[in-house]
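A short write-up of the structure that comes next.
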Amino acid sequence: MLLLNSFPTRTRPYYYHYLLSSLRHCSSTYSRYTSILQSCISCKAVDPGKQLHARLLLSGLGFDAILATKLVNLYSVCNHLRDAYNLFDRIPQRNVFLWNVLIRGFAWEGPHEMAFSLYYRMVEAGLQPDNFTFPFVLKACSALSALEVGREIHEHLVRSRWDSDVFVGAGLIDMYAKCGCVDDARQVFDRITKRDVVLWNAMIAAYSQNGHPSDALSLCHDMAREGVAPTVATLVTVVSASADVAALPRGREIHGYSWRRGFEAQDKVKTALVDMYAKSGWLKIARTLFEQLAERRLVSWNVMIAGYAMHGHANEAFALFDRMKQEAVVVPDHITFVGVLSACSHGGLMEQGWKFFNSMQGDYSLKPLPQHYTCMIDLLGHSGRLHEAYKLIGEMTMTPDSGVWGSLLNACKIHRNVELGEVALEKLIELEPDNAGNYVILSNIYAQVGKWEGTAKVRKMMTERGLKKSIACSWIEVKNKVHAFVVGDLSHPRSEEVYDELERLEGLMKEAGYEAETMPVFHDVEDDEKRNMVRSHSERLAIAFGLISTPPGSRLLVTKNLRVCEDCHVVIKLISKIVGREIVVRDVNRYHHFKNGLCSCGDYW
């Protein structure tokens with residue numbers, strides 16, 4: 001009897017009768033076998049397929065080209081790739097479809113190198129790859145970021161004249177995007193004149209995934225101008241891009257556009273909007289959209305919990321986590337616990353941090369990942385328990401990554417611990433030797449304790465390795481245009497007004513007793529120059545521009561690519577009180593909500 005457990009319950013009686021009656025009369029018609037196998041493929045029913053395979057072998061049809069091809073297809077879609085490959089190798093006549101079926105299987109499930117091997121074998125056998133072969137093998141290149149193989153495949157398909165096919169083009173764009181080659185992806189996109197929505201989506205996603213959210217949004221506008229209707233995938237990608245660039249006005253525009261196009265009932269779009277509003281600091285709107293979801297999937301809960309965590313609303317994050325458990329529709333996963341642990345880390349909540357860290361292992365059988373350890377190291381380190389943090393790193397069951405050691409190094413800077421700072425940098429040099437920011441942090445630790453020879457040693461090391469400190473950049477969006485500033489920036493058309501505003505604010509701050517903290521600036525710079533360097537930090541320029549460019553009382557949102565320094569943190573608190581505005585700064589670590597001279601982080605970041 002055939003095993004029918006793999007069939008959907010509602011169709012099982014039908015297939016049970018159909019398969020058995022067919023097999024009793026299998027000698028009557030060859031087409032019955034093909035129909036049965038096609039049914040198995042549609043339902044991904046591998047066990048009945050295997051039993052039929054055995055019958056075919058006994059009847060002498062085991063290596064029939066059509067039937068065996070269907071069997072290889074069945075094994076591939078059911079992820080029984082070893083069985084698929086073994087049968088494939090014994091089929092005497094192999095057409096392009098059969099090669100494609102197996103290449104697709106390995107491209108989707110791995111090992112991805114097997115897709116390359118089969119592709120080259122196919123070409124050596126004298127067969128011409130088609131517009132299905134190329135996207136499958138390019139998908140394998142994407143999975144491995146195998147740029148050299150991808151470029152070779154690109155050359156092959158150009159010679160085969162498939163480079164103008166939108167299906168192949170989308171595969172090429174995705175491959176170059178996954179390999180970080182956005183310009184190459186754009187060249188592919190520009191060469192294809194007849195573009196469908198899949199091709200547009202691929203290029204928009206390429207920009208979004210590679211840190212070019214503004215280009216993703218711009219391309220979405222181009223797509224609309226050309227009359228190409230968006231899909232759910234389009235909207236999810238561009239909303240995510242808006243969140244990444246903190247471009248709330250454009251995100252709200254896309255929100256309205258998606259509603260006008262009838263996507264208001266799409267939970268995937270709503271979840272992306274929840275993420276966008278949360279990252280932009282509009283948590284009430286994010287929560288409203290979250291409550292409107294028809295089905296709250298795990299990703300929806302995770303996005304909302306993470307939104308509360310990143311803004312320092314630990315209690316709200318914990319309450320939502322408890323509600324998630326009570327409703328028992330979905331089970332917390334690793335990402336959920338990253339959210340609640342980061343809430344503990346941002347709030348300095350040691351007891352709750354240990355509670356969640358132990359709960360994920362004891363209550364949910366989830367093995368902590370480096371991200372969870374990073375949260376705990378950050379929590380312990382900020383609290384001054386550096387040796388406990390170092391001990392926890394030693395107890396990790398996997399190799400600590402740069403996030404773990406980076407958290408320890410940052411904690412050493414806060415508490416001026418040179419010894420552990422040196423250990424952390426040594427490990428970080430092994431993991432990411434070209435990250436100049438790590439060297440700068442240790443240099444600052446040396447400066448804090450007056451070890452100028454250590455500072456000189458680090459600077460020499462950076463010079464020998466050709467490393468330069470990352471340029472700090474902050475940006476603010478005003479009237480749908482993003483304005484970016486770097487430290488000491490004089491390139492903006494309104495620079496003179498910006499510096500005049502800073503000077504006015506500094507006068508008011510001095511009256512309140514403000515004195516610049518210049519310790520992070522290298523010691524071989526004169527004091528006056530140190531003060532000038534600090535006063536022209538990028539986030540201050542962006543805030544000053546926002547103040548002179550927006551109505552009084554309106555909220556400012558500034559994004560910075562690095563951590564806000566201690567002096568700027570003090571200054572922005574004072575500015576928020578002087579001007580009577582809420583100023584939100586999103587740095588590389590977290591969100592800071594400055595209001596009435598206070599910060600939501602409680603000076604804990």
Donor-acceptor list for residues 309-316 side chains, cut-off 3.5 Å, not counting sequence neighbours:
{"residue": "H311", "atom": "ND1", "partner": "H593", "partner atom": "NE2", "Å": "2.7"}
{"residue": "H311", "atom": "NE2", "partner": "A278", "partner atom": "O", "Å": "2.4"}

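- A side-chain donor-acceptor contact under 3.5 Å links H415 to the backbone of H382.
- Within the structure, the salt bridge (Lys or Arg N to Asp or Glu O under 4.0 Å) test picks out the following pairs touching residues 388-412 (sequence neighbours left out): R385-E388.
- With no hydrogens or angles considered, no side-chain donor-acceptor pair links S407 and N410 at under 3.5 Å.
- Side-chain contact between S600 and F594: absent, with no pair of heavy atoms (C-beta onward) separated by less than 4.5 Å.
- Nearest heavy atom pair, residue I377 against residue A389, reads CD1-O, 3.2 Å.
- To the nearest 0.5 angstrom, N444 atom CG is 7.5 Å from T455 atom OG1.
- The aromatic rings of Y207 and H212 lie perpendicular to each other, with more than 60° between the two planes, well past the 30° mark.
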Test side chain to side chain contact (heavy atoms under 4.5 Å, CB included) applied to L547 and V579, step by step: CA-CA 9 Å; L547 292 174; V579 300; 4.0 Å; yes

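- S142 places a side-chain N or O within 3.5 Å of a backbone atom of L138 that can act as its donor or acceptor partner.
- The stretch residues 369-379 participates, sequence neighbours left out, in no salt bridge (Lys or Arg N to Asp or Glu O under 4.0 Å) pair at all.
- With hydrogens and angles ignored, the 3.5 Å screen pairs a side-chain donor or acceptor of H372 with a backbone N or O of H334.
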Extract all donor-acceptor atom pairs below 3.5 Å that involve side chains of residues 355-367 and protein atoms in other chains or at least two apart in sequence.
{"residue": "N358", "atom": "ND2", "partner": "W354", "partner atom": "O", "Å": "3.1"}
{"residue": "S359", "atom": "OG", "partner": "D363", "partner atom": "OD2", "Å": "2.9"}
{"residue": "Q361", "atom": "NE2", "partner": "F357", "partner atom": "O", "Å": "3.0"}

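- W108 is not listed as a side-chain neighbour of N79, based on a closest heavy-atom distance of 4.5 Å or more.
- Atom CD of E291 is surrounded by more than 12 heavy atoms from other residues, nucleotides or ligands within 6.0 Å.
- A donor atom on one side chain and an acceptor atom on the other are found under 3.5 Å apart for N302 and D333.
- Contact record, H569 with V564: N-CG1, 3.8 Å, taken as the closest heavy-atom pair.
- Using a 4.5 Å heavy-atom threshold, the side chains of Y514 and V571 count as touching.
- Donor-acceptor pairing under 3.5 Å is recorded for the side chains of S554 and R581.
- For S536 and D489, the side-chain atoms include no donor-acceptor pair closer than 3.5 Å.
- Looking only at side-chain heavy atoms (C-beta outward), M203 and V182 come within less than 4.5 Å of each other.
- Summarising the geometry, atom CG belonging to L341 is positioned 11.5 Å from atom OH belonging to Y373; distances are rounded to the nearest 0.5 Å.
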CA sep, side-chain torsions, deciding dist, call: T271, F290, side chain to side chain contact (heavy atoms under 4.5 Å, CB included): CA-CA 7 Å; T271 299; F290 173 81; over 6 Å; no

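- A pairwise comparison of heavy atoms in P400 and I393 identifies CG-CG2, 3.6 Å as the closest pair.
- Pairing each heavy atom of S280 with each of R555, the nearest pair is O-NH2, 3.1 Å.
- Listed for the N210 side chain is a donor-acceptor partner under 3.5 Å among the backbone atoms of A206.
- Pairs of residues two or more places apart, or lying in two chains, never qualify as salt bridge (Lys or Arg N to Asp or Glu O under 4.0 Å) while including a residue from residues 426-444.
- Side-chain contact between I575 and M509 is present, with at least one heavy-atom pair separated by less than 4.5 Å.
- Counting heavy atoms from C-beta on, the side chains of F106 and H112 never come closer than 4.5 Å.
- Under 3.5 Å, the side chains of S240 and T237 contain no donor-acceptor pair of N or O atoms.
- Looking at heavy atoms from C-beta onward, K560 lies out of side-chain contact with F485 at the 4.5 angstrom threshold.
- In plain terms, the two heavy atoms of P370 and V404 that are nearest each other are O-CG2, 3.7 Å.
- The shortest distance between side-chain heavy atoms of V440 and M462 falls below 4.5 Å.
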Full working for side chain to side chain contact (heavy atoms under 4.5 Å, CB included) between H255 and L289: CA-CA 11 Å; H255 183 179; L289 288 167; 4.2 Å; yes

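- In this structure, S208 contributes its side chain and I204 its backbone to no donor-acceptor pair below 3.5 Å.
- Distance OG1/T234 to CG/L219: 10.5 Å, rounded to 0.5 Å.
- Annotation for K270: atom NZ counts as buried by contact number, over 12 foreign heavy atoms lying within 6.0 Å.
- By the neighbour-count criterion of 12 heavy atoms within 6.0 Å, atom CZ of F321 is densely surrounded, having more than that number from other residues, nucleotides or ligands.
- Side-chain contact check for R287 and Y277: no donor-acceptor pair (N or O, by modelled atom type) lies under 3.5 Å.
- Residues H537 and C568 approach most closely at ND1-SG, 3.3 Å, considering heavy atoms.
- Classified by interplanar angle (parallel below 30°, tilted 30° to 60°, perpendicular above 60°), the ring pair Y390/W405 is tilted.
- Taken from CD1 in I476 to CD1 in I543, the straight-line distance is 8.0 Å, to the nearest 0.5 Å.
- Using modelled atom types and a 3.5 Å distance limit, the side chains of Y439 and R459 yield no donor-acceptor pair.
- Judged by the 6.0 Å and 45° rule, R323 forms no cation-pi pair with W301.
- In this structure, the separation between CD on E295 and OG on S300 is 8.0 Å, given to the nearest 0.5 Å.
- Side chains of E422 and Y446: a donor on one and an acceptor on the other come within 3.5 Å.
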Verdict with reasoning, I285 to V274, per side chain to side chain contact (heavy atoms under 4.5 Å, CB included): CA-CA 8 Å; I285 298 176; V274 170; over 6 Å; no

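- Using a 4.0 Å cut-off between a side-chain N of Lys or Arg and a carboxylate O of Asp or Glu, K413 and E566 qualify as a salt bridge.
- Once rounded to the nearest 0.5 Å, the distance linking CZ of R261 with CD of Q266 reads 13.5 Å.
- For residues 596-605, every residue pair satisfying the salt bridge (Lys or Arg N to Asp or Glu O under 4.0 Å) rule, not counting sequence neighbours, is listed here: K573-D603.
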Verdict with supporting geometry, S402 and N435, side-chain hydrogen bond (donor to acceptor under 3.5 Å, both in side chains): CA-CA 10 Å; S402 58; N435 187 339; over 6 Å; no

